[in-house]
Amino acid sequence: MTPLSAAISRHSLEKPADIAIEDGAGSAVTWQTLAQLLPAVTADIRRAFDVSRPVAVRTDHSVGRCLLDLALIEAGIPTVAIPAFFTAEQTASALDAAGCPALITAATPMPSGSPGLEIDAQHTSRPAAMLPAGTAVISFTSGSTGTPRGICLSIDHLCGVAGAVVSYLGVEHAGRHLALLPPGILLEDVAGFYATMLAGGTYMAVAQASVGLADPFRPDFIRLSRTIEALAASSLILVPEYLAGLVTAMEATSLRLPRLTLVAVGGARIEPALLDRAAALGLPVRQGYGLTECGSVVALERGDETRRGSVGSSIGVNRITVAEDGEIVIDGPAFLGMIGAPRDPGPLYTGDIGRVDEDGRLWIEGRKSSLIVTSFGRNISPEWIEGALVAQPAILQAMVRGDGKAALDALIVPASPHADIDAALSAVNAALPPYARVAHWQVVPPFTPSGGLLTGNGRLKRAAIARHYPAPSAGMPFFDRLVAETREAQARFAMVPQLQAGLTGRISRADYIAYLAQAFHHVRHTVPLMEEARARLEARPMLVEALDEYIAEETGHEFWILDDIDAAGGSGSVVAMTAPAPATAAMVEHAYRTIREGNPAAFFGMVYVLEGTSIAMASSGADAVRKTLGLPPEAFRYLTSHGVLDQDHMQFFERLMNRIDDPDDQAAIIRMANEMFALFGAMFAGIELENVRAAA
């Protein structure tokens, strides 16, 4: 019997009718029911899987997921949690490395009266891997290179950390804990799920989409804040970006969350200004610090600090010291080792830079590996500057660089399409010493794990970001210059709420039809616009030939959209007879006017915007909307087919752009692309989503 099952048995006697786990949608189990179910589910698990081999799990938060996790632990079967944001390559790498013969993709409690779980699993043949003795959990992190690393941990170690969290905080915080971090994140499992099971609270395992986290890296913070209120949550575990989004959402509304008694935040340094904003809203934020190798939690604020900004003191499991070079060293219980390699005994050198003050509180100041040394010989931790930047409400994400340079530059992700980045940078620079101020910056789209620019726990993958966003230079190919010089417009376009909602499937059928209607009204002009441009470019054979290819490919695509509208339950014939929305009409009119009155080569700037956007919408949006709405494939012919076509078109387009050497043409294309990102964004912003209408 593990400490978890022992605690469940105890709670079933002390408070049998209290809710142990619920999903926020009507499914719940009491402590008594959980104590009765767990042995039966454990026996089923032992019969269904080889207890000598690890089993991988990739499911959403749910009551069934919690039962499955507990049963695997009790069965002694090592578990590999696969986060939903892992790519197919990362998933395959993790399964191969751990030697997993099975991947569980669904776990649903049997109907009442039938104890057990209905499990969907994919079985494959993989050679066994060498695991350190006692391995119960294999936690994979995406790592700095994107290749997952499997860290092996024992259940006694993890339960020891969870128990220490409960003792450190006190059982009075064991109320209603709402899981917000993505399934498979060790911090949520240990400090959220295990700690709640040990303390006897209620664990709310709510599906990610239901709390506004259909895409955990593009959250709907308004919905998230309202869900916290509706479910009467008393505790949360957040990463700093989630805290910043929640604070911004609360500042923009009258919503306050007085039932919360604990908001634990970890994963990266938090700027004191953000803590001040959170405190002003009444959020009981406590910073923490930990590593997967140490079972996720090492230090946590007690809540009575007079000065904020530290990550608190050791929770009692490990001893924290600082080496001569400032590196934080952790001594005490730690991971068993990596797959195929037991850990050598001794303290753990974290790679983090920090200090311990006279009260034993730990202060994080950066990473050894990311330290910037300017050409003036100044050592600067980029996390310091980045923390100040993201504390500004206008800035969602930031990466600072400048090693070997005279001044720093920053890549900035805006918090909204109209965020005033200039003002935010000025405010940050005014509070920094001259040597640490940001001299240059550019706005970029969000960093995400799916794009290879963020780890699963929200850390920046600095080398990958630097490669993805090189500074513009005079000698770069024109296509690369086009990408670089339209990056800010594209980033602001990417933050339009309606576009984000569509890309993550947070729209209704009526919203989807409304989008298709406006798509019809601009796509029906695609070929006429090309013909206008072609007529004015007759003396340019290269561009005429390209336009001929485009015209042949694009002819009739507006009728695909009308068919999609019919398949989605709307009326294509009615849409065809309606007038476009003002923003759509403005976009089309601007395109005609530019071709007729300006440089017709500018049309290729519009091509860049529309084709690049359709690729993103086809690869992410169509699948997300289809899953959410349950519409047939016939309702997505335009998006899916156009996405495939435009991937080929974009390769053709890149080669074409790199053959354009006329400075006037280049300037016209860049200017048109920037204008089109703004106009296309206005078209999306003009679509009033149903959830907006309902809230009005």
Side-chain angles (χ1 to χ4, degrees), residues 1-5 8 21 38 41-84 86 90-107 117 119-124 126 128-141 148-162 179 181-198 203 205 292-293 295-296 335-340 456:
M1 179 178 285
T2 69
L4 292 171
S5 59
I8 291 168
I21 307 169
L38 186 54
V41 175
T42 301
D44 288 345
I45 291 294
R46 284 198 178 106
R47 285 190 292 268
F49 299 98
D50 182 349
V51 296
S52 68
R53 301 284 298 278
V55 169
V57 180
R58 184 179 59 205
T59 74
D60 203 345
H61 287 306
S62 67
V63 172
R65 166 73 183 248
C66 292
L67 281 170
L68 175 66
D69 286 347
L70 291 170
L72 286 166
I73 290 169
E74 294 305 312
I77 299 176
T79 305
V80 180
I82 302 293
F86 265 24
Q90 287 176 323
T91 298
S93 176
L95 298 182
D96 289 342
C100 288
L103 171 63
I104 297 174
T105 56
L117 283 177
I119 293 174
D120 293 337
Q122 302 169 4
H123 296 271
T124 58
R126 285 186 170 87
M130 294 284 292
L131 303 180
T135 297
V137 171
I138 306 172
S139 182
F140 278 92
T141 63
R149 300 187 312 130
I151 298 172
C152 300
L153 302 130
S154 72
I155 194 60
D156 287 341
H157 177 200
L158 296 179
C159 285
V161 173
L181 299 184
I185 298 299
L186 189 68
L187 175 59
E188 178 59 44
D189 286 343
V190 174
F193 183 38
Y194 297 174
T196 302
M197 293 295 97
L198 293 176
Y203 190 74
T292 299
E293 292 87 345
S296 79
F335 68 119
L336 300 171
M338 310 297 288
I339 294 171

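To the nearest 0.5 Å, atom OG of residue Ser62 and atom CG of residue Leu67 are 8.5 Å apart. Here CD of Glu293 is found 10.0 Å from NE2 of His157. Values are rounded to the nearest 0.5 Å. Rounded to the nearest 0.5 angstrom, Ile21 CD1 and His61 NE2 are separated by 12.5 Å.
Asp156 pairs by the side chain to side chain donor-acceptor pair (under 3.5 Å) definition with nothing, not counting sequence neighbours. Arg126 is linked by a salt bridge (Lys or Arg N to Asp or Glu O under 4.0 Å) to Asp96, counting only residues two or more places apart in sequence or in another chain. Qualifying side-chain contact (heavy atoms from CB on, under 4.5 Å) partners for Pro83, counting only residues two or more places apart in sequence or in other chains: Phe85, Phe86. Residues that satisfy the side-chain contact (heavy atoms from CB on, under 4.5 Å) test with Asp69, not counting sequence neighbours, are Arg65, Phe193. For the salt bridge (Lys or Arg N to Asp or Glu O under 4.0 Å) test, residues two or more places apart in sequence or in another chain that qualify with Asp44 are Arg47.
Using a 4.5 Å cut-off on side-chain heavy atoms (C-beta onward), Ile119 and Ile45 make contact. With contacts defined as side-chain heavy-atom distances shorter than 4.5 Å, the pair Val41/Leu68 does not qualify. You'll find the side chain of Arg58 stays beyond 4.5 Å of the side chain of Ile104, heavy atoms only. Between Tyr194 and Ile155 the shortest side-chain heavy-atom distance falls below 4.5 Å. Proximity of Thr79 to Val55: side-chain heavy atoms (C-beta onward) are nowhere separated by under 4.5 Å.
For the residue pair Thr59 and Ala106, the shortest heavy atom distance occurs at CG2-N, 3.6 Å. Annotation for Gly295 and Val161: closest pair O-CG1, 3.6 Å, computed over non-hydrogen atoms. Closest heavy-atom contact between Ala97 and Ala129: O-CB, 3.2 Å. Scanning both residues, Cys152 and Pro132, for their nearest heavy atoms gives SG-CD, 3.6 Å. When all heavy atoms of Pro3 and Leu198 are compared, the closest pair comes out as O-CD2, 3.6 Å. Ala133 and Leu336 get closest at one heavy-atom pair: O-CD1, 3.5 Å.
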### Task
Kindly indicate, with the supporting measurements, whether the criterion side-chain contact (heavy atoms from CB on, under 4.5 Å) is fulfilled by Ile339 and Leu131.
CA-CA 5 Å; Ile339 294 171; Leu131 303 180; 4.0 Å; yes

### Query
Are Leu95 and Thr124 close enough, and set up right, to give a side-chain contact (heavy atoms from CB on, under 4.5 Å), and what steps lead you there?
CA-CA 10 Å; Leu95 298 182; Thr124 58; 5.9 Å; no

### Query
Between Val80 and Phe140, does a side-chain contact (heavy atoms from CB on, under 4.5 Å) hold up when you go through it step by step?
CA-CA 8 Å; Val80 180; Phe140 278 92; 3.5 Å; yes

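Distance alone, capped at 3.5 Å, places no donor-acceptor pair between the Arg46 side chain and the Gly76 backbone.
Every pair tested for salt bridge (charged side-chain N to carboxylate O under 4.0 Å, His left out) that includes a residue from residues 183-195 fails, sequence neighbours excluded, so the list is empty.
Checking each of Thr42, Leu70, Ile73, Leu38 against Ser5 for a side-chain contact (heavy atoms from CB on, under 4.5 Å) leaves exactly one that passes, namely Leu38. A side-chain contact (heavy atoms from CB on, under 4.5 Å) with Leu153 holds for exactly one of Val190, Ile138, Thr135, Leu158; it is Leu158.
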